[in-house]
Amino acid sequence: MTEQATPASPLEADIETIGALMDKGPSKPPRSQWRDVWDQFRKHKGAVFGGGFLILITFTVLFGPYIWDVDPKALDIRNKNWRPIYTLLWDGEAAAGWAHPFGTDQLGRDILAQMIAGGRVSMAVGWLAMGLALVIGTAIGVIAGYFKRLDFWLMRFTDLVLSLPILPLVLLAVTLFRQPLNSNFGPEGGMFILIVSVIGLTSWMQTARIVRGDILALKEREFILAARSIGTTSGKIIRRHLLPNVISPIMVSATLGLATAIITESALSFLGVGFPSDYPTWGKLLADAVPRMQDFPERVLLPGIAISLTVLSVNYLGDGLRDALDPRIRGR
Amino acid sequence: MLDNSGTAPIAQIKGLRVEFQTKDGPVVGVEDVSFDINPGETVCIVGESGSGKSVSSLSLMRLIEYGGGEIANGRLLFNRSDAGEIDLAQSDQSLMRHIRGNEIGMIFQEPMTALNPVFTVGRQMTEGLRLHRGLSKAQAEERALALLKQVRIPEPERRLKQFPHELSGGMRQRVVIAMALACEPRLLIADEPTTALDVTIQAEILALMDRLKRETGTAVMFITHDMAVVAQMADRVVVMFRGLKVEEGTVEEIFENPKHAYTKALLAAVPKLGEMKGKPYPEPMRLLGTKDQEIKPIKGTTETLLTVRNLTTRFPVTGGFLRRTIANVHAVEDLSFSINKGQTLSLVGESGCGKSTAGRSILRLVEPKSGEIDLDGKDIMALNQRDLRTARLDMQMIFQDPFASLNPQMQLADQVAEPIHNFRTLKGAEVSKRVEMLFDRVELPRSFMRRFPHELSGGQRQRVAIARALALNPKLIIADEAVSALDVSVQAQVLNLMMELQAEMGLSFLFISHDMAVVERVSHQVGVMYLGRIVELGSRQRVFENPQHPYTQALMKAVPVADPRQRKKESELNFKPIPSPIHPVGYQAEPSAYREVEPGHLVLTTDSGY
Amino acid sequence: QDQGGERGRDGDVKIIYWQAPSIMNPYLSGGTKDLEASSLVIEPMGRYDETGAMVPYLAAEIPTVENGGVSEDLTSITWKIADGMMWSDGTPVTSADLAFTAEYCMHPEGGCAQGAKFDGVKEVEIIDDQTVTVHFNEAKPNPYGPFMGAQSPILQKAQFENCLGPKAPECTEQNFNPIGTGPFTVTEFRPNDVITMAANENFRDPSKPAFATLTLKGGGDAVAAGRAVMETGEYDYAWNMQLAPDVLSKMAEAGMGKPISAFGTLVERLEMNLTDPSPDLPEGERSTVAHPHPILSDERVRRALSMAIDRELLVEVGYGQAGRATCNLVPAPALYASDNTECLTQDIEGAKALLEEAGWTDTNGDGVRDKDGKKLSLLYQTSTNAVRQDFQALIKDWWSQIGVETELRNVDASVFFGGDPGSPDTFQKFYADVEMYANNFDGTDPQAYLAAYRCGNEPKPSSQWQGENINRFCNEEYDALLDELSRTGELDKRGEIAKQLNNMVTKDSMTIVPLVDRGRVSAVSNTLGGVVLNTWDSELWNVADWYRIKE
Amino acid sequence: MLTFTIRRLILSIPTLLLISLVIFGLLQLAPGDPMAQVPLTVPPEVKQKMREALGLGQAWYIQYYKWLVQFFWIEPKVFIDYLTNSSTLLGWLPDTSLYQGELRVISWQTRSPVMDIVAQRMPQTLWVVGLSYIVGIVIAIPIGIYSAYRHYSVFDQAGTFITMIGFSIPPFFTGPLLIVIFSVYLGWLPSIYDTTHVVNDWESFKVQFFQMIMPVMVLALQTTAQISRYMRGAMLDNLNQDYVRTARAKGLREGVVVMVHVLRNSMIPVVTVIALGMPAIFGGAIITENVFKVNGIGQLLLTALFANDLPMVMTLTFIFAVLIVLFNLIADVLYGLLDPRIRYD
Ligand SMILES: Nc1ncnc2c1ncn2[C@@H]1O[C@H](COP(=O)(O)OP(=O)(O)OP(=O)(O)O)[C@@H](O)[C@H]1O
Ligand SMILES: Nc1ncnc2c1ncn2[C@@H]1O[C@H](COP(=O)(O)OP(=O)(O)OP(=O)(O)O)[C@@H](O)[C@H]1O
Ligand SMILES: [Mg+2]
Ligand SMILES: [Mg+2]
């Protein structure tokens, strides 16, 4: 209708079809929404680095065991307390070698293999617990914000969970659920599910509060009323109109949530209620190495750096995604 | 006033070009604009939305940098009273800080958001005074009080201690004006100071600015797209189009002898009160550039579609310890009217008189307290939530603010398709076909289907809202201020579109507006509302040509006329403040009783509060 | 050496206990930390010294059969308070205080933590102001339960008179600040945090203690405590350095202090479950004598498991100078300690052969032996603790070398050692095949300790899972020998029987597989003199003799 | 606003009762035994006697009821007595003597009233954890402001980097690390916090200052990371608002525009976030207190947990719950006070 006419003077032609109908610039071919998201995302350098690093780490912990196929649990007591290979640079005498590039611990377990195995668990715990917390937090936040009648009780429920002490909770969960989980998922799988659930179930409250606050404000916006007037059901209003608009606070919660989950897991290990002893996680490697930090700084630094870099890259990734998902920013 | 040729212009814009850096490369906000402003003169800048009016004014303040813009070219000469002429485009920000607020004052486009919500009015008003004039706190407050009195805000002492949200839109706008005037600037820039306001308040504000200009001799740069306002205010007019100045001249020249095609088109698009005198039925406007358009009056039918009887809607005001209702906002009180198939009923009235609430009550988007609503034989009040949802297939709403009523996170095609998906009236590929058809229908390019609301102009957004309302082929559309936010040319198009649809599809409209000229153009029936009640109801012709109720008469008088030779004087206007619609719980509202002055022309006889 | 001199000449001494004392009354808390903290203030009639010999404290002398203090028939013991013994408030210690102490602990509603010490006491008879006789129900070969050792100090009657039985917990002031005869008195007690003390003005030796004040700080962990003594020198003495030997020696290198160690009767051991803990059994029958263990009932399997372990290496990894490999349940005193050492050499091949012999072979080549379709797979649990986790890893490794698959589990100590009958994770319930922990006995006599393995003393549902025979060991011969021991008073004979009993549960049947004889390790500053580490009594038993070494 | 507050306060009573019941149930169900720390040398029947003496054998509802009475009826009496008796604030009032020696909430570990220990622990917790919170906020807010003002600048990036690292490293690592550096190698700072230290002159203040540096810093790192994120976000939201342009159009300096107009608006959400973090101060910091031996509430809770001292755990957890509910309310009220647009009734 508007794009085909080619009158003599462009200005005159514009006046022919006054107003809002014309783009001034050449109209660009329609592009998919995800292309736009991707384009915006790509421009965020931090996000690309963060995403790249996360993929790298994920691949390393997933496929590392096939490349570095040393059993992380295998003891090699004669070769205990090796230093990382780089110590040879300044100390030719050091116990180090390519057999254990990152060194070995006090029982002669290979640290590289442990880092890889630990990364698997830590990343899995982090992602899953964060995901769980996010789902619960968002659900409770949205429901509390949207359904006024439930608001008070859901928020008081949030207070309740907020005040539950996590340690007895873990112990209780272990007592109640270990046996059935053990028989269904094996001892390690069972414990994993337990820890993930406990961390997830006790860290959604912040998300819920923030989401609720945003929903309360959004609910009063006219486009929600508009959606109701065209017959959109509550479920669809939540899904189509509310959720996409609270994506930004959810992203922030996700970033912080992953870090919190990894750290909570390690704190549980530190307090002795986490995973079985021979089940390495970054947090536990770090906690175990703290007493020997002076002699073997690499043992704290390696897992410490791994945790920090993961958290950092998730943070940048979150920033980038948030910008990319917001069409208002994307337009710029 | 006009021939101050002896004194030098206070500001000269020469070859201004402003660019914005965006992801798709630089965008030109203003291409090439030059004009002068002389002391004591009002220069009106008119032009379609997005033509660069705001950008020009922000450039003059050198505020454009904070919005990501850049003055790529041109000179902005400003004549400082003591220091002679300087080029603002070259001066540094510290000098600009001295000029801003002190020598150039600015009134911004959005009165609602221009004030900081967490500081009191007094605090915000005294800030500039203390900075530029070095006044003490007490002195500054005294001066602020004087300013508030000057802009005729009732109870000025109290206002100083209030927060912006405690003031009505009109009051807020006046505060912004007072603030801009605080340091008696030599140049005042007013960017659409009245667009968002209803006629009565608009009239007040325009009169006020005119008076201030006369009293203080300030030069005014007045930005608007409302030609009627231009006619009332301007000494000289600059017409902008697509970042360019296309015409400049005195207000009489522009109105009586427009040269440029755009100016002509613009003037043609302005609905003028009284144009429809003698015509019983509404008819589309004749727009420039649509030569072969056939103007046919829209008759509609005599079959009743919607009957509303004794509709009452109240909002509870809760308070006290147990959150009990202690009072009610009587937003809609005993409202009765009916709409015929294929016809339009307009509701007009002051801001806050309950128009939107009435519209929403009919859809039961707010629950009415009592009354009957009958849509084509269906008793809307009796429906449960599920059936109500189904009933909404037949009635749709276009909301007051098109931007607010669109989800900022959703593509337009999806938003238009949403009602179809909701009711599964169509499936699969047919949905997208229908959406494409709707976009064509409202004359939006199909490439817009993938865009997001913020990427559209106001007029385009309004079309999306209309397309969405049409998606289900409803019988009734409630159009709540569907065109108030649009600039005239677009407004005319949208109005024509609506009338065209009505003629073709036999749609009925409940048209809510406060713009009397627009109402006159589109309606078969008119209801004038005041404080929740209809004070006058009848055919458009009768109500407009023979207004009976004193409120209707006052309203007619406030409408600005798009003719520079018919300027209104401030003394002609006398508005009473609207009484509060809040009554305690036990309050018994008396029923409305009407007198039939002519057949079908009813006037409220009981107390309306006016 | 200590030059001697007036009381309080050396200023302040600082002690750190990483588990903070919570009460100063050992009768209300059995916790070691509380026992030792209170030993600074309240004292028994006599204590054991570092060799396990008894030395009189408040008593004039240690009563024995020889000096007539213990009756010939072993049914009574007479304690005589030395002359001039004074409470810190200046009043004299009398026999009424002794009688009261017994009454206090034996009150049926008091929940006295040291009730076992007063087991079998018929009455405490006041002979005169300074003499009491304790009468027992039956012959007591070891009559040194009451009033002897850190577990049974004397309380002042005047102070605790109103704190009997159910009133005991309400006497906060008394429990936090008991009046005692020891070298120090409490100035301020902050439960679970810090105790400040001052020298007892009325202490019997006018030149002691050398320190005017004492600070006992609690909290943190062993690493931090060791660091404070050996690396930063902020503290003078740190209790229970349960640290890996390399960590400990690294700390000692800093030169501010050194670890000291001594051996007692604490043995880290593996307990073999002789009953079936399978979760498939109905609740109430798991780990009960109704179902013998499908794998571990076979003595050869148990032996093979023991043979696969390199105890010396365990010591090296876990305890260093604070541990000794052992094959005995009773490692000391010498009189009772059996001399068997055959388990000390690891014998993987022998273990494999033994398993083959028992019919466990690896039929499917997956590295795990099996028999009749059942895999040789064990669940091995212990409490959460860094050294124990290292042990678990090492032992799992060795066992895998002989074709035994091991699943490890560690349980929070408060659950593992807590007797909650509702929890499946207590060591008494033993819902595992093998478990590891350490245990010892009070004083120097192992009779009660060995009596734990009596048939019928096992934890079971009918006893709310209480009981000390963790392995569910049952042997008539053993029970008969136990009876004989309880009748025997003659020390040499007692030693013989005890060794025999020890061998029956360890070497002969491998029901209990001892691993390490664990000593106590503490850290002491180089400037603190007079410290003699004692495992038979409170570590702070001779704090009166401590002094500051002057450079 | 006042009625809103009172209404919420009253409604929070049933909530808190419910919370106390849930916590009680949780603790009852959780495994563990107060006798776990008693050496194995103490025979089981003696342990059984000790349990009975603690009242462990009773039905749960009796235990719960007892606790309720003790906590809500007897402890307040003791507190009022204390106020009128020995506190300087209300000491002039006649001595009330409400407390008649009824059984208070008694800790199983120490056999002393839980509230007395809590009162004893409060000062060091407030000093260390509270101060760290303040320090964290004081550092975080400027970082947040400047990061937002110079969005995506080097400073913003570096700030994000450092705060995120601070956030992601657990205190059980940073704590010992600082100790090794500053106590062991450099010998500047004490590694063990002296809770009995009294500040009465400049010297003792210095001692107090030195012993607080490390724990405060370790804790502040976490606070800084979180608050600066919120601050930055809120500032970014407000910097583009129209009123900012109005402020500039008045000729105000950038400093005033940002630090007065934008900051005031941005502080509204941040202040409520800060208020929501307050209960954690009173709750102590479990790991950090333990690492530096500060022995505040966090350490008290930890030892009580490991010793299965249920009355102590119950009381502490419940006090914590009360604070959470209270500060949630305070956050809401603050929101209403700070933002004039919000009215609760
Ligand atoms: N920050 C910005 N970034 C990019 N483009 C901008 C920006 N601000 C304005 N523009 C563009 O500059 C042009 C002129 O905008 P301007 O706001 O001056 O229009 P206007 O005439 O004031 O319109 P209206 O009547 O709708 O206010 C428009 O095309 C707009 O898209
Ligand atoms: N949800 C609500 N709760 C309480 N009061 C309300 C609510 N919505 C509207 N009101 C009040 O009802 C009255 C009528 O409002 P309504 O929005 O219908 O006015 P209007 O005529 O549409 O005004 P405008 O021209 O400004 O849109 C006003 O006094 C308004 O403050
Ligand atoms: Mg504009
Ligand atoms: Mg309206």
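Residue numbering restarts at 1 for every chain, and letters A, B, ... go by the order of the sequence lines.
Of the residues considered (His421(B), Met395(B), Arg360(B)), Arg360(B) shows the highest number of contacts with chain A, using heavy-atom pairs under 4.5 Å. Highest contact tally toward chain B, considering only His241(A), Lys236(A), Arg228(A), is held by His241(A) [criterion: heavy-atom pairs under 4.5 Å].
Trp204(A) and Phe157(A) have parallel rings, their planes meeting at less than 30° on a 0 to 90° scale where 60° marks the start of perpendicular.
Side chains of Arg392(B) and Asn422(B): no donor on one and acceptor on the other come within 3.5 Å. For Asn245(A) and Asn407(B), the side-chain atoms include at least one donor-acceptor pair closer than 3.5 Å.
Proximity to chain A (any heavy atom under 4.5 Å) is restricted, for Gln396(B), to the side chain, taken from C-beta onward. Heavy-atom distances place the side chain of Leu363(B), and not its backbone, under 4.5 Å from chain A.
Relative to the six-membered ring of Phe423(B), Arg389(B) meets both conditions, a distance below 6.0 Å and an angle of at most 45° to the axis.
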